[in-house]
Amino acid sequence: MRQIWNTPGGVHPPDNKEQSLTKNIGHLPLPEKLILPLTQHAGTAAKTCVVVGEKVLKGQKLASASAGISAAVHAPSSGWITAIEERSVAHPSGMSAACIEITCDGEDRWIERVSYPNYQQASAMQLRDLIADAGIAGLGGAGFPSAIKLDSGTKKPIDTLIINATECEPYITADDILICERADQIIQGIDIVSHLLGKPKTILIGIENNKPEAIAALNQHCQGTGIEVVYFPTKYPSGGEKQLIYILTGKEVPSGQLPADLGMVCLNSGTAFAIKRAVIDGEPLISRITTLAGEACGVNRNYEILIGTPVSHLLQHNNFDQALCSRLIMGGPMMGFSLASSEVPLIKTSTCILAPSHTEIPDDEPPQPCIRCGLCSEACPASLLPQQLYWYSRAKDHERLQSHNLFDCIECGACSYVCPSNIPLVQYYRSSKGDITNALATKATAAISRERFEFRQVRLEKADIARESKREARRLNTEQAKKMSPSTTQSTGSSAADIIKAAQLRGITKQASPEQQKAKLQRTLLAAQMRLEEAQQRLVQVTNKGSAHQQAQQLASVEAARRKVEQTTQRLTEVSH
Amino acid sequence: MVFKQVSSPHGHARQKTGEIMQLVVLATLPGFLVLTYQFGWGLLINLLIATLSAISAEALVLKLRNRPIDFYLRDYSAVVTAVLLALALPPLAPWWLVVVATVFSIVIAKQLYGGLGSNPFNPAMVGYVVALISFPIEMTTWVTPISLLAADISHPGLLESLAIVFTDNSPVDGVTGATPLDLFKHNDGLLVEQIYQNNTLFSRASFAGVGWEWANVAFLIGGLALLKARVFTWHGPMAMLGTLALMSMLFWDGGSSNSPGSPIMHLFSGASMLGAFFIVTDPVSSTVSNRGRLIYGALIGLLVYVIRAWGSYPDAVAFAVLLGNFAAPFIDNYTVPRTYGHDKSRRATAKEKSE
Amino acid sequence: MMSLLTDNTMLAALLALVGLGTLFGGLLGYAAEKFKVGSDPIVQQLDELLPQTQCGQCGFPGCRPYAQSIADGDAINKCPPGGQSTINAIANLLDISAPSLDEEHGEEEIRTIAYIREDECIGCTKCIQACPVDAILGAAKLMHTVIADECTGCDLCVEPCPVDCIDMLPIVENIHQWQWSAPEHSADLIATTASGMHEDAA
């Protein structure tokens, strides 16, 4: 057995997994309409490539990945596009975002599928394109586009592939049951990824020891493949990517970096399954396993749902009773977010729909004062001091929050869970993170405004000087003309000299003096350097926070700022010579 | 269908702040029983007066501060303060002494700072120190343990005790006497061995000092129970007791007439165990990280010994804890734990570097 | 020498004090030079804190001149776009107590951005000349438009427009800009409702 490392902190909330494991994976009748948000992944929205009224087939691409971090969206069933508009989506804000609506024709007719059953012969590039084309984004909940994750292999050799089958959140059993029923396909998926990454030395499947059947299934199918199944004691949040990497390898992902920087790639087991489907069967990501749990539902079970299925459709078919339900959660009870409406569609990252009763998850009691009991810091998997962060967050002390590494908080909720005073700690951290990010963004825009303002001042000044010297030149000219007019005997030679002189004068006034140019360039350089610095700072922030889309954006702006600095420096050296 | 929107996590562990406080109160029970057995009814009367005045003072201030009274009283923090004070104040102390100490604790040391969680100093210890400085005679008159009373006298009964407490009658001669730490403080040139032989407090003791030794053992048991229940971590108490033992070992001086006493005597005398497990562990006024608690506990242990051995007070837990409270934010600044993914721990005041 | 000192205690004391004074003065002076904390000139630091809307509501033509004026002793509460948070930050920098915003210069409002109703624009270029950050694009007799990303919401373009076709519209929050709001501290005030947080579930 491989050595495992113990993460600090962690909590042991009641498992509640057995309820949904009594039945096998179920299927729902086809819903009348499917709603497909263009952003179901971390990153920028996909670009629509269909129009309203168009007939689409199952598996047809509806929206393609836009530049940067993005993922394509496909039709989960055949039908007509009946709307492309803003709809309420699965998001903690409860706000709307662009969606494509399909009215299903009930035929469920497939488009022609492209696959690579002999993936061993395919190149890494081909496979990666296929995975990108299939719109696969991390199915564990974070939704990072898989093709981009797997691309990190080209920058640094990947020697460790980690498959995350931990599923540490209570209630959720989607990965568990998928492994129990389709372990062989998951292993195939892992083999495809391994081939794509150039056969990493170590391939590990990390799983908690509360899933004995899944462990057995994996062990059975892993024999002779070189894939190692590592199980470890159940503790929340062992399934966090950073935590799992530490448990399995004893290495920590440095703050602000990615697992790829350690030569590792970490994929969810459901993602491995989706990759197998895409490569061998040619099916894009149009369905996933989602757990339906909670006492407000008559039936607790896992379903293979079509992406875009409204949550209400799932609830209706399972004797849902709204009067019993205290809140509706997408995801697990620890990190999932509450839904404002059941009309939102299930998306690629929807691991679970939890409809707990009032006794199961009662309303929050009002928070009591923090007594710094320290239960939160005992529970924190990142070794932060949640009680201090809480005080600083309330005081809006951004400097202290950053020096206490607020951005290393993974928002796992362990601190709020154990807090005897019922303080919604995670919400404090989220709002403070938002505040700090906003403050940095405001500072960055202010710097740009300053630069534009200063540039304008210089421009106006220059224009003033130019006007002034033109006037001066005109005055001189007329004076000279006056002087000349009485003595017509003067040779034309002198007048020619005057013209040259005037032209020279004009030339000088047209061109700003080198000093002025230099000063302006120096100002521009200073501003550009400031912008670069700020962009870099913000990049670190964004990297810590983990939104891949923002990361890419920020990377681009750092690059732009750097280019500007280089250009200006070059110009400056030219001018000073 | 419309649903309620709340931030994750959904659901909480069962333990509530009020329950933790109740647990702390419960854990003082063994110590309370032993003390009552050894020193008579006075302690129970202290407890009643302290609890009543603490709750009424808290309710009054909450009302003045316009806060919901029953919501805050349910956190039991006032009761904890009252219980700790009652255990620390001498039995048969006049009622007004207990009231003054308690009201000072609750009103000045706690509520005026913003209530539970915002007080920089341990309220019970502030109240104790105020009483000790203001009324030194009353505060240093301790009852003689039951097993040392002369054959013809006994501890006053309940009614008599009430009379003593409420009417300022003095207890009968012989009912009050010195404590083990007093003996060492007022030692005139005797060897430790001689002190032990001359005084029944030690000659009849099992290992440390009649009455006090078992009270300390009882607090130790209560404290270990709390440790087991994960109400606090081991760092603070262990650091304090360890330092106290270490210091008394270093300065044991072979039991000469200058020796401030043996490690066993120090560990099991005065408020050592009560302090270690019930005062040092007060989360509000102590340091926040485990590393910080080690330093904080050690500092208090050191101060306790220094004041006991060379200061002018026989016991020093209250002073030491208050000095520790002063140092806590400073210690916190240097003991922020290393976060996942960082090479080193940072200082609490470190500025964000533009990397 | 020694005997002189021991005989004249007054002299010895004087010498000792002067000596010590010189020694420590020298040390402090050395330390002040050696460990000097390099920092930007105060005007630049102040300018950093101002919101750079360049709106002129403070009475100065832009943020930098106002920063200069604060450095010369002007009041710090003349910046409505920055609002109380900017005042607090400046007060913190200058180590003075923070006054509240001077209403004479305007009130703190939500951030807005200029929009030109394009079919009404006559192409007079007046707004282009007014914009302090060159955020309006256009040419004479051609339609103008605001570069929304560069607009600071200073209001300066509204006044010169002869046909009143510029609107200042609040920035609409979209799903990407949304962020969690801080919980309300219900228990610290007086409320003891069942829920300590969002009650907007209705």
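Quick note on labels: first sequence line is chain A, next is B, and so on, each numbered from 1. Hydrogens, waters and symmetry mates are skipped; everything else that's a heavy atom, side chains included, is used.
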Distance in Å, Arg456(A) CZ paired with Gln54(C) CD, rounded so as to fall on 0.5 Å steps:
10.0 Å

Could you tell me the separation between the CG atom of Asn174(C) and the OG atom of Ser96(A), rounded to the nearest 0.5 Å?
11.0 Å

Between OG of Ser449(A) and CG of Leu50(C), what distance do you get to the nearest 0.5 Å?
12.5 Å

If you tally heavy-atom pairs under 4.5 Å between each of Asp435(A), Leu460(A), Thr442(A) and chain C, the highest tally belongs to Asp435(A)

Starting from the C-alpha separation in whole Å, work towards a yes-or-no answer on side chain to side chain contact (heavy atoms under 4.5 Å, CB included) for Glu48(C) and Met530(A).
CA-CA 11 Å; Glu48(C) 287 281 317; Met530(A) 245 148 46; 4.0 Å; yes

Would one find more than 12 heavy atoms of other residues, nucleotides or ligands at under 6.0 Å from atom CZ of Phe60(C)?
yes

Atom OG1 of Thr445(A) and atom CZ of Arg111(C): how far apart are they, to the nearest 0.5 Å?
6.0 Å

Residue Glu104(C) excluded, over 12 heavy atoms near CD under 6.0 Å:
no

Given the options Lys433(A), Gln427(A), Glu411(A), Trp180(C) meets side chain to side chain contact (heavy atoms under 4.5 Å, CB included) only with Gln427(A)

Could you walk me through whether Ile448(A) and Gln52(C) pass the side chain to side chain contact (heavy atoms under 4.5 Å, CB included) test, one step at a time?
CA-CA 9 Å; Ile448(A) 295 171; Gln52(C) 305 300 327; over 6 Å; no

Between Arg450(A) and Asp47(C), does a side chain to side chain contact (heavy atoms under 4.5 Å, CB included) hold up when you go through it step by step?
CA-CA 9 Å; Arg450(A) 184 185 302 121; Asp47(C) 195 31; 3.2 Å; yes

Would you please go through residues 134-161 of chain C and name the residues with a non-hydrogen atom below 4.5 Å from one of chain A, in numerical order?
Asp134(C), Ala135(C), Ile147(C), Glu150(C), Thr152(C)

Should Asn438(A) and Gln177(C) be marked as a side chain to side chain donor-acceptor pair (under 3.5 Å) after you check the CA-CA gap, both sets of side-chain angles, and the distance that decides it?
CA-CA 9 Å; Asn438(A) 272 354; Gln177(C) 290 155 342; over 6 Å; no

Side chain from CB out, backbone as N, CA, C, O: work out which of these in Pro51(C) comes under 4.5 Å of a heavy atom of chain A, or both, or neither.
backbone

Specify which of Lys396(A), Arg459(A), Gln457(A), Arg327(A) makes the most heavy-atom pairs with chain C at under 4.5 Å.
Arg459(A)

Can you give me the closest heavy-atom contact between Gly62(C) and Phe453(A), atom names plus distance?
CA-CZ, 3.7 Å

Minimum heavy-atom distance Ser431(A)-Ser181(C), with the two atoms named:
CB-C, 3.6 Å

